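All of these numbers come straight from a predicted model, not from anything done at the bench.
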Amino acid sequence: MKNMFCFQCEQTAGNVACTARAGVCGKQDHTANLQDELIGALIGLAKKSRGTADEKTIRLVLEGLFTTVTNVSFDDDSIRAKIEEVKQAGGASPFPMARIWDADEDIRSLKALILYGIKGMAAYAYHAYALGYSDDAVNVFFLQALEALGREDFGMDELLPLVLETGRVNLACMELLDKANTESYGTPVPTTVPLSVEKGPFIVISGHDLHDLKLLLEQTKGKGINIYTHGEMLPAHGYPKLKAYPHLKGNFGTAWQSQQKEFENIPAPVLFTTNCLMPVKDSYRDRVFTTAVVAYPDMVHIGEDKDFTPVIEKALELGGYNETHPMTGINGGSTVTTGFGHGTVLGVADKVIEAVKAGAIKHFFLVGGCDGARPGRNYYTEFVKQAPDDTVILTLACGKFRFNDLDIGEIGGLPRIMDMGQCNDAYSAIKVAIALAEAFDCGVNDLPLTLVLSWYEQKAVCILLTLLHLGINNILLGPSLPAFVSPNVLSYLREHYALTPITTPEDDLKRILGN
């Protein structure tokens, strides 16, 4: 008898599935089963809605799916409450998820790709929704995809097109979020961000939600409290309307998987707006706060009123450091740079094109995605270090913390490492790639461009599906391949898209540049 069944993240046990009393992420079996029950309730709701949705239904779907993303919620009570909300709205019995997990492995694999794809996409739609942006076609697709997951008469012929359709709709969703962010906060500009922490009270804000950051900045104005980003919140420093706040000072620490060490006895509160929250250690338990769908037992949760007073009071109580506290990236750097979104890169497209034509730039690498704790992720650090001087590294998401503090020089006045933003800013990379292909009158697959991706959770899945929808070939994926992709489905992806697992930086660079 299995206590739980979960294989949605990259670190799943034995690269097969977490089936014990706790997952590798720290999620308990009863929490995992409640999350499955929530997904089953959403499938029941989607069946009843028959492809139509009012605002309340869409909000329930976005919140419900986002709640089950890895490292978002560890709190049974909040998940139970969401299940009850969905049941009351749907009036239907939850779909038993065991019917998916126990299905033929290829059917299970395709349904997992769809489910994990819409989980990641729901996070992006949720962030856009918080800023007042929504897309009816995207919203309806969530219901259609959920209903399809409950269809036991669907086979490979029905599910495979839906996998690629998930990628197509996610592209529209990322475009929506890009519009929401840039219209709300301005077009990102290149910005150097210090890693040291100034003396005095401060708050660390983690996650992805720029709206929550804006509210926190407003509520801390004039209170003598500095704000530091953490993890995927780093790209906020590039947005003009956010960087205009003088108390948005810098970035604290590195990627999410180091938080249990980096938050040890920190003299400041930490606010989690989204994933990735890890099981909280006693050494900083009294200073962790959650908001939105993030939840952890016995942590103070900031509700829909977004009144961050408890966080502010804790910052003033703890007082911060007595003097400037130096911190560095994993390679010893004291600053990092962000803000190279598509608006910036396409603004200097003429320089980029000229550098390519002159032979100064021989190849582009997009090295990005999720970071994680599994051994082998130093591959990405070594890959960037070993990339020749005539290559450019585009990067995004928290995987960049493996190398974003490196100084590897410039080409034609442009830095060789360009941080394009959060994981959803894969949209920026896609826009840049399409623009370069148009400039050189070729297809994207004909460009001197290679995608070297790392993955951990479900937002990486929806981005991968978008790249497949666009027909982008020869993607390198690591540090391991998804456990939920069956051998037959993997064979299909290799045959049609040349999807390839990473090997070693030396061998992969030799193979790529040799071609």
Side-chain angles (χ1 to χ4, degrees), residues 188-207 213 217 225-240 242-270 284 315 318-341 344 367-368 371 373 377-378 380-387 389 392-411 413-422 454:
V189 295
T191 302
T192 299
V193 182
L195 300 180
S196 59
V197 180
E198 296 180 13
K199 71 176 183 178
F202 68 98
I203 296 170
V204 175
I205 182 167
S206 188
L213 172 59
L217 288 167
I225 299 173
N226 291 329
I227 306 299
Y228 291 84
T229 57
H230 172 261
E232 279 273 61
M233 202 66 85
L234 166 65
H237 292 272
Y239 287 91
L242 296 177
K243 66 182 296 183
Y245 288 88
H247 59 301
L248 178 61
K249 289 292 187 177
N251 191 72
F252 183 95
T254 53
W256 66 272
Q257 76 280 355
S258 300
Q259 66 188 256
Q260 290 179 325
K261 179 177 68 174
E262 292 177 345
F263 294 164
E264 188 83 24
N265 299 312
I266 177 177
V270 182
Y284 59 91
L318 292 170
Y321 294 110
N322 293 325
E323 56 186 20
T324 297
H325 183 73
M327 299 187 73
T328 63
I330 68 167
N331 301 290
S334 60
T335 63
V336 292
T337 303
T338 190
F340 287 92
T344 294
V367 185
D371 206 352
R377 287 183 178 266
N378 61 320
Y380 299 95
T381 310
E382 292 304 315
F383 189 98
V384 170
K385 285 181 177 179
Q386 295 178 34
D389 291 344
V392 169
I393 311 295
L394 305 175
T395 189
L396 46 83
C398 63
K400 62 176 167 271
F401 283 101
R402 292 279 167 172
F403 51 80
N404 67 340
D405 63 324
L406 289 171
D407 181 3
I408 60 170
E410 298 182 346
I411 295 180
L414 299 171
R416 285 188 56 222
I417 296 179
M418 299 186 196
D419 175 11
M420 309 192 82
Q422 296 180 339
S454 56

**Report entry** Minimum heavy-atom distance between His247 and Leu217, given as atom pair plus value
**Finding:** NE2-O, 3.1 Å
Requested in this report: Verify, without hydrogens or angle tests, whether Asp405 (side chain) and Val336 (backbone) share a donor-acceptor contact under 3.5 angstrom.
Outcome: no
Requested in this report: Take Tyr380 and Lys400 through the test side-chain contact (heavy atoms from CB on, under 4.5 Å) and record every step on the way to the result.
Outcome: CA-CA 9 Å; Tyr380 299 95; Lys400 62 176 167 271; over 6 Å; no
Query raised in the report: At what distance, to the nearest 0.5 angstrom, does CZ of Phe340 lie from CG of Leu394?
Result: 10.5 Å
Query raised in the report: Is it the case that more than 12 heavy atoms not belonging to Glu264 sit under 6.0 Å from its CD atom?
Result: yes
Report summary line: So CD1 of Ile330 and CG of Asn404: to nearest 0.5 Å the spacing works out to 8.0 Å
Requested in this report: For the residue pair Pro269 and Ile203, establish whether any side-chain heavy-atom pair is separated by less than 4.5 Å.
Outcome: yes
Requested in this report: Please determine which of Asp371, Thr395, Asn331, Thr381 meets the side chain to side chain donor-acceptor pair (under 3.5 Å) test together with Arg402.
Outcome: Asp371
Query raised in the report: Rounded to the nearest 0.5 Å, how far apart are SG of Cys398 and CE of Met233?
Result: 13.0 Å
Requested in this report: Evaluate the side-chain proximity of Val270 to Gln259: yes if any heavy-atom separation is below 4.5 Å, no if none is.
Outcome: no
Query raised in the report: Has the side chain of Lys249 got a donor or acceptor atom that lies under 3.5 Å from a matching backbone atom of Ser196?
Result: no
Query raised in the report: Closest heavy-atom contact between Glu198 and Thr324?
Result: CA-OG1, 4.2 Å
Query raised in the report: How about Phe202 and Tyr321: are their ring centroids closer than 6.0 Å?
Result: yes
Report task. Of all the heavy-atom pairs spanning Pro201 and Ala315, show the shortest one and how long it is. Result -> CB-O, 3.6 Å
Query - For Leu242 against Leu248, the heavy-atom pair lying closest together - result: O-CD2, 3.6 Å
Query - Step-by-step side-chain contact (heavy atoms from CB on, under 4.5 Å) determination, Thr337 to Ile417 - result: CA-CA 9 Å; Thr337 303; Ile417 296 179; over 6 Å; no
Query raised in the report: So which of Phe401, Phe263, Trp256 actually passes ring-ring contact (aromatic ring centres under 6.0 Å, His included) with His230?
Result: Phe263
Query raised in the report: Would a 4.5 Å heavy-atom cut-off, applied to side chains only, mark Gln260 and Tyr284 as touching?
Result: yes
Requested in this report: In sequence, state the C-alpha distance, the side-chain angles, and the governing distance for Asp419 and Leu234, and then conclude on side-chain contact (heavy atoms from CB on, under 4.5 Å).
Outcome: CA-CA 10 Å; Asp419 175 11; Leu234 166 65; 4.1 Å; yes
Query - Pairwise distance CD1(Ile205) to OG1(Thr229) - rounded to 0.5 angstrom - result: 9.0 Å
Query raised in the report: Counting only N and O atoms by type, is there a donor-acceptor contact under 3.5 Å from the side chain of Gln422 to the main-chain atoms of Pro235?
Result: no
Requested in this report: Check the pair Arg416, Asp389 against side-chain contact (heavy atoms from CB on, under 4.5 Å), reporting the backbone distance first and the verdict last.
Outcome: CA-CA 8 Å; Arg416 285 188 56 222; Asp389 291 344; 3.7 Å; yes
**Report entry** Distance, nearest 0.5 Å, that separates CG of Leu318 from CD1 of Ile225
**Finding:** 10.5 Å
**Report entry** Student check: side-chain heavy atoms of Leu406 and Val384 closer than 4.5 Å
**Finding:** yes
**Report entry** Side-chain heavy atoms of Tyr245 within contact of Ile227, under 4.5 Å
**Finding:** no
Query raised in the report: Between the side chain of Thr344 and the main-chain N/O of Pro188, is any donor-acceptor distance below 3.5 Å?
Result: yes
Report task. State, yes or no, whether a side-chain contact exists between Phe403 and Ile408 at a heavy-atom distance under 4.5 Å. Result -> no
Query - Main-chain N/O of Gly409 paired to Asp407 side chain as donor or acceptor, under 3.5 Å - result: yes
**Report entry** Test item: Asn265 side-chain N/O and Pro267 main-chain N/O as donor-acceptor pair under 3.5 Å
**Finding:** no
Query raised in the report: Roughly how far, to the nearest 0.5 Å, is the CZ atom of Phe252 from the CD atom of Glu262?
Result: 6.5 Å
